[in-house]
Amino acid sequence: HLSARAEDRWIDDNLGPDFAATHDLAYVMVLDGSNRVVYLARDGVRLKSDLDAIMRSSKGIQPLIAAARAASDGNAAASPLAFQGDSVHLAVAALLDGGAPVGGDDVNESKAVLLVTRKLDGEGMRKLAGDYGLNDLRVVSKVSSAHDVGRLPLSNIVGGKLGYLVWKI
């Protein structure tokens, strides 16, 4: 076991502000095997309060974490998520393997999960659009224009409708 201080240093060094900025991440979360949030950062800033509120703010978080733990091949699980009062995010969850132990429960620490999200707006959307030759890529709550050539329905891992990704070619 690492001490809490060494564990915090490992998380900050490996998943802190540089990691979030490099990958354009909105949220970075680490959950121990008992689903306790041991690290939460938004836009690279570590948060110490309202961890439970964040976990409850999107109905798709818990099923996404369960899917990451259930993946027998070690693959990550991905799903769009919507946070209350926030935009739609693309979220990826994977077992945290090969790093420092997380949390205090020896039995469950091998089931620690890293969950990261990227907002589907701003610079990330511009990069995505450029990579795939799409114009005017955006997230909308409903498709109302015949001018949107492409559309992709967005629903979370439990089937909740989040809107549409639309674009022009």
Side-chain angles (χ1 to χ4, degrees), residues 1-132 137 139 154 156-158 162 165:
H1 258 6
L2 294 177
S3 69
R5 188 176 252 159
E7 179 181 301
D8 286 348
R9 268 196 318 272
W10 183 91
I11 289 174
D12 285 334
D13 289 349
N14 290 279
L15 304 174
D18 291 338
F19 178 73
T22 299
H23 300 289
D24 192 27
L25 300 173
Y27 285 103
V28 177
M29 301 179 207
V30 175
L31 297 98
D32 69 12
S34 298
N35 272 355
R36 291 182 300 250
V37 178
V38 296
Y39 178 81
L40 171 65
R42 180 177 176 152
D43 299 323
V45 177
R46 191 169 188 162
L47 303 175
K48 298 246 184 222
S49 61
D50 297 327
L51 299 178
D52 292 332
I54 294 292
M55 290 300 293
R56 288 189 309 269
S57 70
S58 177
K59 292 180 181 168
I61 287 180
Q62 294 297 343
L64 184 60
I65 293 164
R69 287 197 176 111
S72 59
D73 53 9
N75 287 337
S79 173
L81 292 177
F83 291 98
Q84 291 174 355
D86 208 345
S87 61
V88 174
H89 294 238
L90 176 62
V92 176
L95 286 176
L96 189 58
D97 188 29
V102 178
D105 187 347
D106 288 331
V107 174
N108 287 322
E109 64 187 28
S110 65
K111 294 289 189 178
V113 170
L114 170 65
L115 186 140
V116 298
T117 77
R118 176 183 279 178
K119 282 184 189 176
L120 292 179
D121 64 2
E123 185 60 28
M125 289 290 275
R126 284 188 285 283
K127 285 182 189 177
L128 184 63
D131 288 348
Y132 291 96
L137 180 65
V139 175
L154 296 174
N156 64 25
I157 198 164
V158 294
L162 304 177
L165 199 59

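On a predicted model such as this, the values are computed, not experimentally measured, just so you know.
- Side-chain atoms of Asp121 and Val88, non-hydrogen and from C-beta on, never get closer than 4.5 Å to each other.
- The CE atom of Met29 sits 9.5 Å away from the CG atom of Leu47 when rounded to the nearest 0.5 Å.
- For Leu90, the side chain to side chain contact (heavy atoms under 4.5 Å, CB included) criterion is met by Leu120, not counting sequence neighbours.
- Between the CG atom in Asp24 and the CE atom in Met125 there is a gap of 11.5 Å [rounded to 0.5 Å].
- Here Asn14 pairs with Trp10 under the side chain to side chain contact (heavy atoms under 4.5 Å, CB included) rule; sequence neighbours left out.
- Counting only heavy atoms from C-beta outward, the side chains of Leu137 and Leu165 approach each other to under 4.5 Å.
- The structure places CG of Leu31 at 14.0 Å from NZ of Lys111, a figure rounded to the nearest 0.5 Å.
- Scored by the side chain to side chain donor-acceptor pair (under 3.5 Å) test, Arg118 finds no partners at all (sequence neighbours excluded).
- Here Arg46 pairs with Asp8, Asp12 under the salt bridge (charged side-chain N to carboxylate O under 4.0 Å, His left out) rule; sequence neighbours left out.
- Residue Ile65 holds its CD1 atom at 11.0 Å from CG of Leu95, rounded to the nearest 0.5 Å.
- With values rounded to the nearest 0.5 angstrom, Leu115 atom CG is found 11.0 Å from Tyr27 atom OH.
- Asn35 has its side chain within reach of Arg69: a pair of non-hydrogen atoms, C-beta onward, lies under 4.5 Å apart.
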- Task: Output, in order, the C-alpha distance, side-chain angles, deciding distance and verdict of side-chain contact (heavy atoms from CB on, under 4.5 Å) for Asp13 and Asp18.
- Result: CA-CA 8 Å; Asp13 289 349; Asp18 291 338; over 6 Å; no
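- What you find for Ala67 and Ala77 is that their closest heavy atoms are CB-CB, 3.8 Å.
- Here the straight-line distance linking atom CG of Leu25 with atom NE2 of His89 works out to 11.0 Å at 0.5 Å rounding.
- Every residue two or more places apart in sequence or in another chain that forms a side chain to side chain contact (heavy atoms under 4.5 Å, CB included) with Ala41 is listed here: Tyr39.
- Under the side chain to side chain contact (heavy atoms under 4.5 Å, CB included) criterion, Ala91 pairs with Leu64, Leu81, Thr117, not counting sequence neighbours.
- Residue Gly44 comes nearest to Pro17 through the heavy atom pair O-CG, 3.4 Å, listed as atom of the first residue, atom of the second, then distance.
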